[in-house]
Amino acid sequence: GEDRVRGEMMRFSAQACVAVAMTAVVGAIQDVPLYKTPGAPINDRVTDLVSRMTIEEKTNQLVIPFGASFPDDYIKAGFNTSGLGGTYPLKALPGEQWWETRNNWQRNAVENSRLGIPTSFIEETLHSGYDGGTNFPMPCLQGSTWNRELVGQAAAVIALEASSAGVDRGFSPVLHFCTDPRFGRCEESFGEDPTLLATMGVAAVTGLAGEGGPGAASTYIDRPDIHIATEAKHYAAYGFCGRDGGCPAEISDNTLYDVYLKPWYKYAQAGGRAIMAAHNEVNGMPCHAHAELNRALRVTFGMGDGLCASDAGDVSSVAAYRVAKDQLHAGALALNSGMDQDLEFPGALSRVDEMLAQGLINQSTLDRAVGNVLRQKFAAGLFDNNATLLYVDPDKVAAALDAPAHRELARTVAEEGITLLKNDRNVLPLTGLGGKIKTVAVIGPNADNVHSHLGLYGTDTPAGGTRTVLNATIAAANASNNAFKVVYERGSCLGGTPGCPCATNGGCRSAVPEFSCGVVVGMDGWQNQTVGDYEMPCFVTDTSRVATAAAVAAA
């Protein structure tokens, strides 16, 4: 009777509560936009987000302020409500507490911008992941190992250290190669053979993005907590004419596709999903507005909806090639040819509203570019409300950067890649120090140059742990109770270098006494260019030339 009635009422009440709760959950799920739903197909999330964006929000995804120090007021004034495509370089952030500035930037983007679009943090990852991290040898030496597994392991460490510091996209690997020794950036390349370069490029992208990541635009980062998206550079035929910058590359189709584009085909096939265009032109058209090259990359090579991004300010520079009458038309030509993002702000792609108003581009072109920028962010997990991926943990950074196992791997790469080109009279290895050899002359502009030892994109450890050739030689002398003497001669030095004699009096010193052995350390690539916009070395005076030449001959 009464107990049965009371039981039925309680059961009905419980069912009603469950129904109300389920309705609330379903309603909450329906209130979450598709683009904020982890696990949903990335392409669907991209389409949903792009459909919600204003022209200003789309425009700001196409730009990356280059070299700014990113103070909070700059962030809030320029991009507080609209979001930003990316920042570069991350290492430009000031002070020891740089990670706080970086995290504040990201928090502002996620919490204060209208749609909560995260910022992409970008770094150079050619042979090091972040300031204070492990410095691997430059790619020219990595290529000399002929060991693709080792190159892949090095790339994986670089990705791990970079991701710990909050980097989600890296400018690497470099897939241009040197066929002209006058080109001043040969050290960036794995070699001068397209097959070797392609093989090492595949190893690098796999190490950086992860074994399970490459393969499709929506899955090209495996485990973004330890891997990063790659942006290979510089596409295409960079350095063909023997100098940096916008010089012409006039190449037959056979040579272009069978030689210079071969590494890019292998990169795309291996899952590479972003490229940086080169400064130069190819067969009369600048790479930043080259529809044929971009079509080959996306369609023929299979990169699909990957990202085509610019080098510094090069979209605006398209006008300098006389293929567009001004910056506005240069930006439109670049977008219409397949370019997606500009490493410059303000720049040509900051003027998208004008391009649309004048009919220079259509909405679908803009949406394609924005979608390609966002796709990488989705793949990096930045929209998944995962604090581990969005924000930097300083303890994690400290544990990852220049870890002992990482430094040991760098040493292994160096040992396997070192190449002895010549050894007349079996001078090497040096024996008889303190006996037959009483004095060692260390000669050259980079013998005591830490930056040169680390490579173009390397950084010293916080404790200044990098030892130069000069310092190492002096340390060896000290360890032998000064059984031999070390003298140093800079010889030719880099123009404008603080403390460089040629920067003050037009000549370099000459103070090399008699010696038993000489060690010569020359100039690295970028610092030894004979053309372009980089510093040129000053010349050795007649007085010092004799001593320097004698030292070189002895070495």
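It should be emphasised that the depicted structure is a prediction, and the values quoted were computed from it without experimental measurement. Residue numbers run from 1 in the order of the sequence given.
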Discussion item. side-chain hydrogen bond (donor to acceptor under 3.5 Å, both in side chains), that's the test. Do Ser316 and Glu344 meet it? Break it down for me.
Written reply: CA-CA 9 Å; Ser316 295; Glu344 183 182 25; 3.0 Å; yes
Fill in: Stepwise side-chain hydrogen bond (donor to acceptor under 3.5 Å, both in side chains) check, Trp105 with Thr119
CA-CA 8 Å; Trp105 176 297; Thr119 298; 2.8 Å; yes
Item to complete: Assess whether side-chain hydrogen bond (donor to acceptor under 3.5 Å, both in side chains) is satisfied between Thr179 and Tyr260, documenting all intermediate values.
Response: CA-CA 10 Å; Thr179 52; Tyr260 287 91; 2.7 Å; yes
Worksheet item: Taking 4.0 angstrom as the limit, do Arg351 and Asp353 come out as a salt bridge?
Response: no
Worksheet item: Considering only the SG atoms, does Cys186 lie under 2.5 Å from Cys140?
Response: no
Discussion item. Apply ring pair (Phe, Tyr, Trp, His ring centres under 6.0 Å) to residues Tyr235 and His290 and explain how you reach the verdict.
Written reply: CA-CA 10 Å; Tyr235 185 71; His290 209 302; 8.6 Å; no
Worksheet entry | Under 3.5 Å: donor-acceptor pair, side chain of Thr230, backbone of Val205 | no
Worksheet item: Is the distance between the ring centroids of Phe171 and Tyr457 under 6.0 Å?
Response: no
Worksheet item: Got Leu333 and Val318 here, is their nearest side-chain heavy-atom distance under 4.5 Å?
Response: yes
Discussion item. Could you report the tightest heavy-atom contact between Leu335 and Met355, atom names first, then the distance?
Written reply: CD1-SD, 3.9 Å
Fill in: Between Phe136 and His406, ring centroids under 6.0 Å
no
Worksheet entry | Side-chain touch Ile122/Val167, heavy atoms, less than 4.5 angstrom | no
Worksheet item: Are side-chain heavy atoms of Arg407 and Asn135 found at a separation under 4.5 Å?
Response: no
Discussion item. Atom OH of residue position Tyr265 - does it have more than 12 heavy atoms of other residues, nucleotides or ligands inside 6.0 Å?
Written reply: no
Worksheet item: When you look at Phe190 and Phe177, which way does the ring pair (Phe, Tyr, Trp, His ring centres under 6.0 Å) test go after all the steps?
Response: CA-CA 7 Å; Phe190 288 115; Phe177 55 97; over 10 Å; no
Worksheet item: Does the Asn423 side chain pair with the main chain of Leu428, one donor and one acceptor, at a distance under 3.5 Å?
Response: yes
Worksheet entry | Taking every non-hydrogen atom, the tightest pair across Ser189 and Gly191 | OG-O, 2.9 Å
Discussion item. Is it the case that atom NZ in Lys233 sees more than 12 heavy atoms from other parts of the structure closer than 6.0 Å?
Written reply: yes
Response to the item:
Here the pair of heavy atoms bringing Pro224 nearest to Ser163 is O-CB, 4.2 Å
Worksheet item: If you measure from CG on Asp311 to CG on Leu343, what distance do you get to the nearest 0.5 Å?
Response: 6.5 Å
Fill in: Approximate separation, where rounding is to 0.5 Å, of Ser337 OG and Asn294 CG
5.0 Å
Discussion item. Has Thr206 got a side-chain atom pairing as donor or acceptor with Val202's backbone, closer than 3.5 angstrom?
Written reply: yes
Practice prompt. Please say whether more than 12 non-hydrogen atoms of neighbouring residues, nucleotides or ligands are located less than 6.0 Å from CD in Glu416.
Written response: yes
Worksheet item: For Ile361, does its backbone N or O pair with a side-chain atom of Thr365 as donor and acceptor, under 3.5 Å?
Response: no
Item to complete: For the residue pair Cys287 and Asn280, establish whether any side-chain heavy-atom pair is separated by less than 4.5 Å.
Response: yes
Worksheet item: Do the ring planes of His234 and His279 sit parallel (below 30°), tilted (30 to 60°) or perpendicular (above 60°)?
Response: parallel
Fill in: Gap separating the CG atom of Leu84 from the OG1 atom of Thr59, nearest 0.5 angstrom
12.0 Å
Item to complete: Looking only at non-hydrogen atoms, find the nearest pair between Ser350 and Val63 and report the distance.
Response: OG-CG1, 3.7 Å
Worksheet item: Roughly how far, to the nearest 0.5 Å, is the CG atom of Leu62 from the CE atom of Met339?
Response: 12.0 Å
Discussion item. Would you say the rings of Trp264 and Phe301 are close, in the sense that their centroids are separated by under 6.0 Å?
Written reply: no
Worksheet item: Where is the tightest heavy-atom contact between Pro118 and Ala109, given as atom of each residue plus distance?
Response: CA-CB, 4.4 Å
Response to the item:
In Arg298, Arg375, Lys58, Arg273, the residue satisfying salt bridge (charged side-chain N to carboxylate O under 4.0 Å, His left out) with Asp340 is Arg298
Practice prompt. Identify whether NZ of Lys or CZ of Arg in Arg169 sits under 6.0 Å from the centre of the six-membered ring of Phe121 and within 45° of that ring's axis.
Written response: no
Fill in: Stepwise side-chain hydrogen bond (donor to acceptor under 3.5 Å, both in side chains) test for Asn362 and Ser364
CA-CA 6 Å; Asn362 57 40; Ser364 62; 2.7 Å; yes
Practice prompt. Answer yes or no: is there a donor N or O on one side and an acceptor on the other, between the side chain of His288 and the main chain of Ala334, under 3.5 Å?
Written response: no
Worksheet item: Would a distance-only check, ignoring hydrogens and angles, find a side-chain to backbone donor-acceptor pair under 3.5 Å from Asn336 to Leu360?
Response: yes
Worksheet item: Do the side chains of Arg102 and Thr87 get nearer than 4.5 Å, heavy atoms only?
Response: no
Worksheet entry | Contact check, side chains of Thr145 and Val413, non-hydrogen atoms, under 4.5 Å | yes
Worksheet item: CG of Leu293 to OG1 of Thr300: how many Å apart, nearest 0.5 Å?
Response: 10.5 Å
Fill in: Thr468 side-chain N/O to Asp448 backbone N/O, donor-acceptor pair under 3.5 Å
no
Worksheet item: Under 3.5 Å, is there a donor-acceptor pair between the side chain of Ser317 and the main chain of Ala320?
Response: no
Discussion item. Could you report the tightest heavy-atom contact between Ser144 and Gly417, atom names first, then the distance?
Written reply: CB-O, 3.3 Å
Discussion item. Side chains of Ser310 and Gln341 only: does a donor on one sit below 3.5 Å from an acceptor on the other?
Written reply: no
Worksheet item: Does Ala229 offer a backbone N or O that forms a donor-acceptor pair with the side chain of Asp168 under 3.5 Å?
Response: no
Discussion item. I'd like to know whether CZ of Arg148 has more than 12 heavy-atom contacts from other residues, nucleotides or ligands below 6.0 angstrom.
Written reply: no
Practice prompt. Verify, without hydrogens or angle tests, whether Asp193 (side chain) and Leu196 (backbone) share a donor-acceptor contact under 3.5 angstrom.
Written response: yes
Worksheet item: How long is the gap from CG on Asp44 to CZ on Phe378, to the nearest 0.5 Å?
Response: 10.5 Å
